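What you are looking at is a predicted structure, and each value in this text was computed from that prediction instead of being measured.
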Amino acid sequence: MPAERASRASTSPAPAIPLARWADRQLKAMARAHASAALSALDGAAIMGERASNGGFSIAGRISAGPGGSRLMPTRDGGWFALTLIREVDRELLPALFGNAEIDPSDWNAIEAAAARRDCIELVARGRLLGLPVASADELPVSQPVQVMTRGPRRERSPGHRPLVVDLSAIWAGPLAGHLLWQAGMEVVKVESPSRPDLIRRDDPDTFDRINQGKASVLVDFTCAEQKAALVALIRRADVVIESSRPRALLQLGIDADQLVRDVPGLVWLSVTGHGALGEAAQWVGIGNDCGVAGGLSRAMADLTGEIGYVGDAIADPLTGITAAREGLAAYRSGAAQRIGLSMSAIVSMALAEERAHDRAAVDDELHAWGCSVGSAFRHVAPRPLQAPVHPPGADNESYLPC
């Protein structure tokens, strides 16, 4: 970035996160529909920006905010390829992705040089076969943003019933949905594995605490048949389940989501996915930053500014978490059992389209300001005070998983 542009960015006011107004409207609509004062008190800009504000993130253009685990890279055919590397196992797949056994998986310069020798469509196709979180700035979502996949029997609930949520998800989108359901008055149980705890419990404790406060905590050893059976029994008592696993992974754990929805009256099952819960897309891995690219935000910004880059902080995560909570609350109130698939990339595309229909000039101004603010810090968001304790891992096993 030229020095003059960097200087201007560092002294200009921090821009608003594009689509934060959309997020705020969804929160307020949920609050009205469910008469929730706690939801009404939430602010879309705060939900979308608190992680970046707490972490002191800056807008970094073609490098994602924060630790910089995702990069947008030019390819041989003139495309832009997004690659996220936050797991060591993903780095081990880079030789297969680029067809180069000598590539240094820790060297982003070498990775960018390798991407420049390939076509974007080839890299995206190969990356998804390998299970890497990848995207193209010029792709279109292949799934519906929200899709009912399975339906089951209805359940009539007593007026004083407090809904039980089993949260099997991790990182941000799914746990945020669980947090919003907790804000709406539901009882939420967070489930983790001793061998694979939620990464942000360690890596981003401030965000973890805010979106997991008040949840009970259980640890399930998925190598233990008795504990798996106890978890399935807990799910059968639940009103809502949230998960973000690929279908094969759930079945390997002994959890058949579709069968449970067909068996348990009124069970609402929320499947958070990168690109869709049905067909080939259900096997694709997606994370907040690359799903934002796949949803069209980076291309929309580039069309307005001539500069491509990431928009927001892992923006697909908070948008999907809010959408999942909205859909989960509506489905619960209907009384009908259903499994709902949520595509993070398609939700980003939907939010952009709806915001442009609502006020095209405003959202385009926000995207333009974002693209011209590389080097600026994210807008400061006052940290939300914790309203309830954060339970240590496994603190509530005896209450919820007797075995």
Side-chain angles (χ1 to χ4, degrees), residues 18-19 22-23 26 30 47-48 70 82-84 124-125 127-129 131-151 167-178 180 240-250 257-258 261 268-300 310-331 338-357:
L19 302 183
W22 181 90
Q26 310 313 306
M30 270 196 291
I47 293 295
M48 293 184 68
S70 194
L83 171 65
T84 303
V124 171
R128 285 177 174 160
L129 283 174
L132 286 164
V134 297
S136 164
D138 295 300
E139 67 180 287
L140 295 173
V142 298
S143 304
Q144 296 297 312
V146 178
Q147 188 170 16
V148 177
M149 304 155 58
T150 307
R151 298 182 185 274
D167 182 1
L168 302 167
S169 65
I171 311 296
W172 195 0
L176 174 60
L180 296 175
V240 180
V241 175
I242 307 167
E243 52 85 11
S244 52
S245 301
R246 285 186 285 176
R248 183 171 60 248
L250 274 181
D258 292 320
V261 168
V268 175
W269 193 290
L270 302 173
S271 292
V272 176
T273 72
H275 302 280
L278 293 173
E280 182 183 353
Q283 305 304 328
W284 299 350
V285 175
I287 297 176
N289 285 304
D290 46 270
C291 285
V293 173
L297 273 180
S298 295
R299 174 52 62 196
Y310 290 97
V311 178
D313 167 33
I315 197 166
D317 276 291
L319 296 178
T320 300
I322 291 168
T323 302
R326 182 192 71 194
E327 296 295 329
L329 282 167
Q338 50 196 291
R339 184 181 180 197
I340 301 172
L342 299 120
S343 163
M344 293 173 70
S345 58
I347 286 169
V348 171
S349 180
M350 173 186 72
L352 177 60
E354 290 182 356
E355 189 65 5
R356 281 183 156 172

How would you list, by chain and number, every residue that makes a side chain to side chain contact (heavy atoms under 4.5 Å, CB included) with L129, sequence neighbours excluded? none
With sequence neighbours excluded, tell me which residues meet side chain to side chain contact (heavy atoms under 4.5 Å, CB included) with S169. D167, P175, I242, S244
side-chain hydrogen bond (donor to acceptor under 3.5 Å, both in side chains) partners of E280, counting only residues at least two apart: none
Is the closest side-chain donor-acceptor distance between R326 and Q26 under 3.5 Å? yes
Side chains of L342 and Q147, heavy atoms from C-beta outward: is any pair under 4.5 Å? no
So, using ring pair (Phe, Tyr, Trp, His ring centres under 6.0 Å) as the criterion, who are the partners of W284 when residues are at least two apart? H275
Partners meeting salt bridge (Lys or Arg N to Asp or Glu O under 4.0 Å) with R128 (sequence neighbours left out): E139
Quick one: does L297's side chain get under 4.5 Å of L19's, heavy atoms only? yes
Is Q144 atom CD crowded by more than 12 heavy atoms from other residues, nucleotides or ligands, each under 6.0 Å away? no
Any donor-acceptor N or O pair under 3.5 Å, side chains S70, T84: yes
side-chain hydrogen bond (donor to acceptor under 3.5 Å, both in side chains) against D258, all qualifying residues, sequence neighbours excluded: T150, R339
Please tabulate, for side-chain N and O atoms in residues 346-356, each donor-acceptor pair with protein atoms closer than 3.5 Å (sequence neighbours left out).
from : atom 1 : to   : atom 2 : distance (Å)
E354 : OE1    : W22  : NE1    : 2.8
E355 : OE1    : R25  : NH1    : 3.1
E355 : OE1    : R25  : NH2    : 2.7
E355 : OE2    : R21  : NH1    : 2.9
E355 : OE2    : R21  : NH2    : 2.9
R356 : NE     : D364 : OD1    : 3.1
R356 : NH2    : D364 : OD1    : 3.1

Residue list, side-chain hydrogen bond (donor to acceptor under 3.5 Å, both in side chains) with R299, at least two apart or on another chain: D138
How would you list, by chain and number, every residue that makes a side-chain hydrogen bond (donor to acceptor under 3.5 Å, both in side chains) with E327, sequence neighbours excluded? none
Would you mind listing every salt bridge (Lys or Arg N to Asp or Glu O under 4.0 Å) that reaches into residues 282-291, with sequence neighbours excluded? none
Can you pull out every salt bridge (Lys or Arg N to Asp or Glu O under 4.0 Å) where at least one residue sits in residues 313-324? Sequence neighbours excluded, please. R51-D313
E243 versus L250: any side-chain heavy-atom pair under 4.5 Å? yes
Side chains of V268 and V241, heavy atoms from C-beta outward: is any pair under 4.5 Å? no
Check: Y310/S298 side-chain N/O donor and acceptor closer than 3.5 Å: no
